[in-house]
Amino acid sequence: MSSATDAAWKALEAHRDELGRISLARLFAEDPDRFARFSLVLDDLLIDLSKNLLTAETLRLLLDLARAAEVEAWRERMWAGERINTTEDRAVLHVALRHRGPEPIFCDGRDVMPEVRAVLARMKAFAHEVRSGSWRGATGAPITDVVNIGIGGSDLGPQMVCRALAHLARPDLRAHFVSNVDGAQLAATLARLDPARTLFVVASKTFTTQETMQNAASARAWLTAALGEAAVARHFVAVSTNARAVAAFGIDPERMFGFWDWVGGRYSLWSAIGLSIALHLGFERFEALLEGGWAMDRHFRTAPLERNAPVLLGLVGIWYRDILGCSTHAVLPYDQRLERLPAHLQQLDMESNGKRVRRDGRPVERPTAPVVWGEPGTNGQHAFFQLLHQGTEIVPCDLLAAALPDHDLPGHHEKLLANLLAQGEALAFGKDEARVRAELAAAGLTGDALEALVPHKVFPGDRPSTTILFRRLDPFTLGRLIALYEHKVFVQGVIWGIDSFDQWGVELGKELAARILPDLAPEATPAPRDPSTAGQLAHLRRLRAEPGA
Ligand code: G6Q
C-alpha cells in the first residue's frame, strides 16, 4: 500500500469518527440541494446517491482515495490491453467486445477489433438463419427451442439478459438454460422439448468444465437416440476458445463461435457467449445491448471522477464495506424481469473481488467484496425487508426500476413504483418514537399497553439506499446497467489492490470432487480422508446400495 492510499484510508476513518451517528433527515434538512448534489443523470438514467450515509466531505475523501489508488491509470491500462490479470498473465478487454467505434483496441500489439467484428458477423448470420427458419434441424423442421448448456459466466449473464428482455422475444423461439450437473435440470428441460426442433448451444470458454461436458454429452445422447448421429451437425453449436476440444466433442469447428482468453467468464455475455441472446431476442437486440455497454464505457472513461457513475458507486461501496463495516449489499430490482440480476451481480462482484491477497501476494489489509444478494421488489418486502428496516445489521441497498412497463395491464406499474419510492423513504427516514406513540394513542392504546409496543414499532431509519431509475428496461439500458456494475467492481478491485479477474478460489473444490468421484462407485474402496467426509461418504454409499435404490 502506498503512503498516499494509507493516508487516504486514515483520513476516511478519522472522518467517520468525527461524523459519529449520521442522520439522513438532518443531512437533507441542512442541505436543500442534497438530492441534486448527490445524484447523477445520464440521459434518462438517474442514479440517486443522496440517501446514502455520507456528506460532501465523505465523497471528497473517497475521491482522494480513488486518486491515490490510481483508478484512472488502471482504467487506461485495461483499455490499453495491458496484462492487468496478473496471476493468469492476461489482458482484460471485455470493453473491446462492445466497442462500436472505428478506433483500434490493442492486445499484444494487435488490433483485436477485426476479429471481434468477424465473430459478431458470424453470430448475426447464424441468428438470422435460425430465426428466419432457413436453418433446419435434421428432419427439416425449423428450430423452436434453444438450449444454452454452460455454467457460471457461461450461463448467468446470457440467462439474466434473456429473462430480462423476454418481452422482446418471439413466442415461437424459446430459450432454456441448463447449468447444473444435477441431471434433474437437464431432464426437466428435455422433457418439454422435441429433438427435431431443438438447438443446443454448448457454451464453455475452456470446453473442459465438468458440468457442461456432462450435460452436453447427455443432451447429445438424447438427440442421437431420437435422430441418429448425423443429426448432431444440425442441432449442436459451440461457443468456446478451445477449438480442439470442440472438434473432439463432434461439433464442426465451422459451427464454433470463438472468443479470446482476454474475456473473463463473468464478463463474457458480450462475446459469442451471448449467442443464445442473439438467437432468442434477435441480433439487433444483442447489438443494442452492446451499444448500451459501450455508452457506459465512454462515460466511465471520460467523465471526471466526481461525476463518474461507476466510480461513485464503487466508492460508496468502499465507504460501507471498509469504513462503516457493512458486510453485505442488497440488489433489489423493482422489476420481475430482473429476477436474475442479483445472481449475475453476485458472481460479478464476489468472484471478482472476493480475494484475501493483493496483486503482489501480500494480504489485503481491509475487508474486500461484500456478500451480494437480493430479490425483486415487491416480493422481498414480504420477506427479508424486516431485517433491512429493523434488524441489527445495516445493509446498503440498490433499488432499481423502469418508469414505464412493457405490458398493458393497468394499475400494476404505479403500485410497483410507489412501493420502490416508499421503501427508499422508509429506510432513510424511519418512524420515530413520538410518531409511534401518537399513532398508538390515536388507535386507543394507553399506559403500559402503549409503552410495551413502542420499541417494536419504531423504525430507526438511516438505512442507506441508492436508487437507479430509467425509462424502460430495453436492451440498451440493460447494457448500460451491466457495464455500470462491471466498472464499479473494477474500481473497487483497484482500490483494494487485488486482481479482480482471476478466480483461484473455485479450483480446490473441483480438484477434490475429481478425487472423490471414483469412491462413490459401489465396488470402490474409498481412500482415507477426514472422519467427517468419510462418514458422509459411507452414509451415501449405504443409502445408494439399499435394495431397490
Ligand atoms: C467466471 C468463472 C466461471 C466460469 C465457469 C464456466 O468468471 O471463470 O464462472 O465462467 O466455470 O467456465 P467455462 O466457460 O470454461 O465452461
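In this text the structure is predicted, and so the values were computed from the model without any measurement. Atoms within a ligand are numbered from 1 in the order they appear, just like the ligands themselves. This chain uses plain numbering: 1 for the first residue, then up along the sequence.
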Run the numbers for me: atoms of ligand 1, each under 4.0 Å from some heavy atom of Arg266, listed by number.
1 (C), 7 (O)

Please check whether Gly153 reaches ligand 1 - meaning an N/O of the residue sits under 3.5 Å from an N/O of the ligand, judged on distance alone.
yes

State whether any protein heavy atom lies less than 4.0 Å from atom 15 (O) of ligand 1.
yes

Do me a favour and list the nearest non-hydrogen protein atom to atom 5 (C) of ligand 1 with residue, atom name and distance?
Ile151 O, 3.5 Å

Inspect the surroundings of CZ in Arg472 and state if more than 12 heavy atoms from other residues, nucleotides or ligands are less than 6.0 Å away.
yes

Can you sort out which atoms of ligand 1 are near Ser154, meaning under 4.0 Å from one of its heavy atoms?
10 (O), 13 (P), 14 (O)

side-chain contact (heavy atoms from CB on, under 4.5 Å) evaluation trace for Phe286 with Met123
CA-CA 10 Å; Phe286 183 65; Met123 288 169 69; 3.6 Å; yes

Evaluate the criterion side-chain hydrogen bond (donor to acceptor under 3.5 Å, both in side chains) for residue pair Trp496 and Asp322; output intermediate values, then yes/no.
CA-CA 10 Å; Trp496 287 318; Asp322 295 301; 2.7 Å; yes

Main-chain N/O of Cys326 paired to Arg321 side chain as donor or acceptor, under 3.5 Å
yes

Residue set satisfying side-chain contact (heavy atoms from CB on, under 4.5 Å) with Thr212, at least two apart, ordered chain then number -> Ile149, Ile151, Val202, Ser204, Thr209

With respect to Lys510, determine whether any N or O atom, backbone or side chain, lies less than 3.5 Å from an N or O atom of ligand 1.
no

Here the atoms of ligand 1 under 4.0 Å from any heavy atom belonging to Ser204 are 13 (P), 14 (O), 15 (O), 16 (O)

The residue among Glu72, Glu76, Glu103 that forms salt bridge (charged side-chain N to carboxylate O under 4.0 Å, His left out) with Arg301 is Glu76

Closest non-hydrogen protein atom to atom 9 (O) of ligand 1, residue and atom name please, with distance?
Gln347 NE2, 2.7 Å

If only side-chain N and O atoms count, and only distance matters, is there a donor-acceptor pair under 3.5 Å linking Trp79 with Asp297?
no

Pick from Glu211, Glu351, Gln210: the one approaching atom 2 (C) of ligand 1 most closely through a non-hydrogen atom:
Glu351

Which of the numbered atoms in ligand 1 are below 4.0 angstrom from a heavy atom of Thr209?
12 (O), 13 (P), 15 (O), 16 (O)

Heteroatom distance test (Lys205, ligand 1): nitrogen or oxygen, under 3.5 angstrom
yes

Identified salt bridge (charged side-chain N to carboxylate O under 4.0 Å, His left out) counterpart of Glu287 within the set Arg100, Arg98, Arg117:
Arg100

